[in-house]
Number of protein chains: 4
Amino acid sequence: MTGATTPASPRSDMVRNRRLLLAAATTAFAERGTDVSMGEIAQRAGVAKGTVFRHFASKDDLLAAIMLQVLDQLLDAAERLGSADDAGEALREFMTVGVETLAADRAFCEAIGRPSLQHAEVRDAIGRLCGVVETLTARAREQGAIRDDITGTDIVLLLGGIHQTAEPLLAAQPQAWRRYLALAFDGLSAAGARTLPHPPPGRLDLGDSPSAPAE
Amino acid sequence: MTGATTPASPRSDMVRNRRLLLAAATTAFAERGTDVSMGEIAQRAGVAKGTVFRHFASKDDLLAAIMLQVLDQLLDAAERLGSADDAGEALREFMTVGVETLAADRAFCEAIGRPSLQHAEVRDAIGRLCGVVETLTARAREQGAIRDDITGTDIVLLLGGIHQTAEPLLAAQPQAWRRYLALAFDGLSAAGARTLPHPPPGRLDLGDSPSAPAE
Amino acid sequence: MTGATTPASPRSDMVRNRRLLLAAATTAFAERGTDVSMGEIAQRAGVAKGTVFRHFASKDDLLAAIMLQVLDQLLDAAERLGSADDAGEALREFMTVGVETLAADRAFCEAIGRPSLQHAEVRDAIGRLCGVVETLTARAREQGAIRDDITGTDIVLLLGGIHQTAEPLLAAQPQAWRRYLALAFDGLSAAGARTLPHPPPGRLDLGDSPSAPAE
Amino acid sequence: MTGATTPASPRSDMVRNRRLLLAAATTAFAERGTDVSMGEIAQRAGVAKGTVFRHFASKDDLLAAIMLQVLDQLLDAAERLGSADDAGEALREFMTVGVETLAADRAFCEAIGRPSLQHAEVRDAIGRLCGVVETLTARAREQGAIRDDITGTDIVLLLGGIHQTAEPLLAAQPQAWRRYLALAFDGLSAAGARTLPHPPPGRLDLGDSPSAPAE
DNA sequence: GATGAATGAGGATTCATTCAT
DNA sequence: AATGAATGAATCCTCATTCAT
């Protein structure tokens with residue numbers, strides 16, 4: 001099993017294994033949620049169980065790594081779209097990419113609000129994402145594409161909500177989320193609407209914080 | 001062990017235990033999702049493990065019972081509001097009750113689309129709920145309170161989505177869902193909006209259907 | 001469930017229940033072996049679980065009661081045949097009845113050599129059976145129908161052995177035991193055969209006796 | 001935990017553990033039947049519970065493995081004796097080995113006719129055994145050592161029967177089976193005996209066959 | 001660095017048995 | 001005397017994690 005034809009340097013093997021593992025785990029978690037066992041991921045990646053733990057000290061770490069992957073994709077998208085001329089269209093495009101990403105990843109949703117979020121890195125990435133999206137959102141606001149009282153964090157949160165709305169339909173109608181994305185966007189751009197009742201969320205602070213300020 | 005004030009008859013004790021179990025399970029599942037063990041639920045209810053299984057033959061049955069509880073509440077609310085004069089306001093009120101209910105129940109969302117749904121009773125209840133909500137929705141449509149292309153099933157699905165949007169905030173801001181409910185409602189009532197891109201969902205048909213028609 | 005049409009005296013109800021229980025247990029154990037649960041037996045008898053335990057303090061006691069039933073049947077048969085003219089034929093007839101009984105009772109065989117045998121009553125009944133069969137055997141010996149070195153206990157033990165020989169066939173060929181009974185009988189009547197190598201067993205002494213004398 | 005003298009490589013440890021497990025399971029099952037728990041077997045083998053399941057995916061697999069062990073021993077014996085000059089003596093020798101083997105293994109008998117038999121491997125081994133024994137038997141028949149109407153399958157079945165006959169005595173008289181083996185052999189060689197009443201069994205076909213042909 | 005065997009806590013579930021009514 | 005709810009020990013099995021090679 002180790003007798004590969006081209007061992008290359010040990011370093012490169014490790015890199016390759018890490019890539020295999022992330023790929024396998026991404027697929028597995030996306031398909032079947034966070035309950036997939038480490039054993040199965042090892043198998044799918046074609047490595048031994050011990051190797052999984054050499055790369056990711058715990059299942060939680062692996063989950064965090066995968067969430068980071070997804071978050072990075074989203075971050076990239078948001079950054080890429082940050083300079084588009086039509087900020088409203090850019091925002092819509094970002095949300096499309098975002099919901100599409102979630103729709104393909106069952107674990108991501110499950111994992112939100114779980115111990116993985118106690119990983120500082122994940123929290124940071126979410127924070128950063130909210131920041132970049134805030135830029136996007138601000139421009140859309142200024143261009144009048146969306147109403148005044150919407151923040152970047154709102155947008156990020158909506159990704160999960162839109163996905164969740166369509167989730168029960170996805171098995172039968174994989175594109176159903178488009179319907180609810182359009183609906184949400186209509187809400188976002190509702191011109192003369194009354195101001196939203198609850199204040200906008202600040203930077204997302206997730207995790208166990210038992211210091212929940214409530215209201 | 002429970003130190004109840006009135007042990008009464010074994011019958012009444014059983015009723016009491018069932019209530020304790022449902023309460024414990026509802027809370028536990030709501031707080032920590034479907035992974036809570038039967039053992040913990042027993043402990044929380046102050047009964048022995050065996051007692052849980054006397055009342056609910058399997059974990060899945062327990063989950064189904066809890067979903068039915070929630071669905072029944074929603075069904076009641078929808079029926080109660082079915083005859084209100086202002087159908088738009090009634091629909092909004094229903095959605096308020098609905099999201100509020102979900103906000104208190106984490107498991108409910110997880111459980112949608114899971115084996116518990118293979119319980120005919122749960123499927124039936126969902127079907128019935130969609131039916132009653134369709135009535136509510138139709139009236140709101142006729143009265144011009146919401147746009148034309150929204151169905152009762154859309155509304156039911158939105159409950160989960162709105163809740164999910166706010167979910168990461170709930171620990172810190174338990175009322176945050178009100179913000180996203182208002183936002184969604186603005187989308188629903190968007191007067192001149194373009195028709196939504198994806199066709200409305202039919203009656204919710206969940207479960208294993210591997211005959212996913214895709215699109 | 002208690003509202004029978006004719007309660008009769010409480011005494012007679014108890015007798016009736018005992019009979020129902022023994023019948024249900026006999027059938028259940030015979031069909032599926034000693035693993036049937038007390039709960040199922042209660043159900044089959046149409047009584048509550050508690051009632052089973054009022055009549056038989058433990059599952060072991062119930063098993064013992066059922067073994068006693070079977071042993072009594074065999075005892076009756078042996079006594080009835082004790083006065084037949086043709087002792088050889090009588091012995092053969094007894095063995096036929098005996099094996100037939102076992103063939104219909106899966107639990108009996110399983111239960112031999114188990115804790116149930118620690119019930120003095122069962123041990124006594126086996127002892128008594130060996131005694132009566134010894135009479136039958138002695139007459140057959142005297143009449144020259146079987147060889148000299150066979151005892152009643154040998155015969156009793158053979159019942160189980162013959163049954164066991166055929167057991168794997170019984171599902172497909174319920175009468176297969178007749179073949180092995182005939183074969184055994186041919187061995188028993190082998191005229192000029194050498195004396196059997198191991199001394200005849202004494203009175204059966206079963207149970208945990210850790211004082212096994214070995215040889 | 002085991003204090004072995006030579007831990008050697010993990011591979012060799014695994015082999016050693018497998019051996020320990022088989023030994024522990026063989027003893028445990030032989031002594032107390034199939035009810036011994038996997039936990040106890042682990043303990044007896046000096047390994048953790050999980051290790052049992054790494055080696056045998058289920059209790060049934062473990063039982064099957066043990067039956068295969070026994071069947072292999074018997075198969076070896078039968079093959080070894082297949083070429084002896086005196087086929088009658090060879091058959092007797094085979095039966096001696098066979099019963100002796102069973103006498104040391106209580107589970108084997110219990111397990112016959114149980115789900116373990118649905119393991120194709122076990123069924124196959126039994127079939128093969130019957131085949132080899134048929135050879136042995138045919139030669140004994142031809143040499144006039146046993147009567148005409150006895151098949152190899154009869155012989156295999158008799159092993160269990162003879163053992164069962166002596167079983168209640170084994171604790172006190174471990175060699176008692178020799179008596180019943182001799183008796184059975186006398187039946188097998190009964191020269192002028194009438195033909196046996198029930199047709200000989202075909203190849204042993206065990207398992208769920210609900211197509212029981214009856215008779 | 002990789003391997004995969006071993007570990008053992010934990011999970012769902014069953015069942016004999018007890019006991020309040 | 002009968003009921004059937006409650007109990008909790010025991011069972012099989014899974015899985016994250018550790019560690020010797």
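Chain identifiers are assigned alphabetically (A, B, ...) following the order of the sequence lines, protein sequences preceding nucleic acid strands; residue numbering begins at 1 within each chain.
Rounded to whole Å, the distance from CZ on A:Arg32 to C1' on F:dT14 is 14 Å. In this entry the distance linking CZ of A:Arg54 with P of F:dA20 reads 14 Å, nearest Å. What separates CZ of C:Phe56 from P of E:dT18 is a distance of 16 Å, to the nearest Å. Atom C1' of nucleotide F:dA6 and atom CG of B:Leu21 are separated by 11 Å, given to the nearest angstrom. Between the CD atom of D:Gln43 and the C1' atom of F:dA10 there is a distance of 13 Å, rounded to whole Å. At whole-Å resolution of the value, CG in C:Leu20 and C1' in F:dA1 are 15 Å apart. In this structure, CG of D:Leu62 is placed 15 Å from P of F:dT11, rounded to the nearest angstrom. If you take CD1 of D:Ile41 and P of F:dT11, they are 11 Å apart, rounded to a whole angstrom.
A donor-acceptor pair is defined here as one N or O able to donate and one able to accept, closer than 3.5 Å; such a pair exists between the side chain of D:Lys59 and the backbone of D:Val36.
The 12-atom threshold is exceeded at CD of C:Glu31, counting heavy atoms of other residues, nucleotides or ligands nearer than 6.0 Å.
Taking only side-chain nitrogens and oxygens, A:His55 never comes nearer than 4.0 Å to OP1 or OP2 of E:dG1. Taking 4.0 angstrom as the limit, D:Thr51 places a side-chain polar atom (N or O) nearer than this to OP1 or OP2 of E:dT7. Contact annotation: A:Asn17 side-chain N/O to E:dA2 OP1/OP2 distance is under 4.0 Å.
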Under the criterion side-chain hydrogen bond (donor to acceptor under 3.5 Å, both in side chains), I'd like the reasoning laid out for A:Asp61 against A:His55: C-alpha separation, chi angles, the key distance, then a yes or no. CA-CA 9 Å; A:Asp61 284 355; A:His55 287 269; over 6 Å; no

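If you take CE on A:Met14 and OG1 on A:Thr51, they are separated by 9.5 Å, rounding to the nearest 0.5 Å. Of the inter-residue distances, the one linking A:Leu62 atom CG with A:Thr34 atom OG1 reads 11.5 Å to the nearest 0.5 angstrom.
Secondary structure note: stems in DNA chain F built from 3 or more consecutive Watson-Crick or G-U wobble pairs under 3.5 Å occupy E:2-21 with F:2-21.
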Pairwise N/O distances under 3.5 Å, protein to nucleotides 15-17 of chain F:
{"unit_1": "F:dA16", "atom_1": "OP1", "unit_2": "A:Lys59", "atom_2": "NZ", "d": "2.8"}
{"unit_1": "F:dA16", "atom_1": "OP2", "unit_2": "A:Met38", "atom_2": "N", "d": "2.6"}
{"unit_1": "F:dT17", "atom_1": "OP2", "unit_2": "A:Lys59", "atom_2": "N", "d": "2.8"}
{"unit_1": "F:dT17", "atom_1": "O4", "unit_2": "A:Lys49", "atom_2": "NZ", "d": "3.4"}

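By the 4.5 Å heavy-atom criterion applied to side chains, B:Arg32 and B:Glu40 are counted as neighbours. Under the 4.5 Å side-chain criterion, counting only non-hydrogen atoms from C-beta, B:Ile41 is not in contact with B:Arg44. No side-chain heavy atom of A:His119 sits under 4.5 Å from any side-chain heavy atom of A:Leu68.
Pairs of residues two or more places apart, or lying in two chains, never qualify as salt bridge (Lys or Arg N to Asp or Glu O under 4.0 Å) while including a residue from residues 18-28 of chain D.
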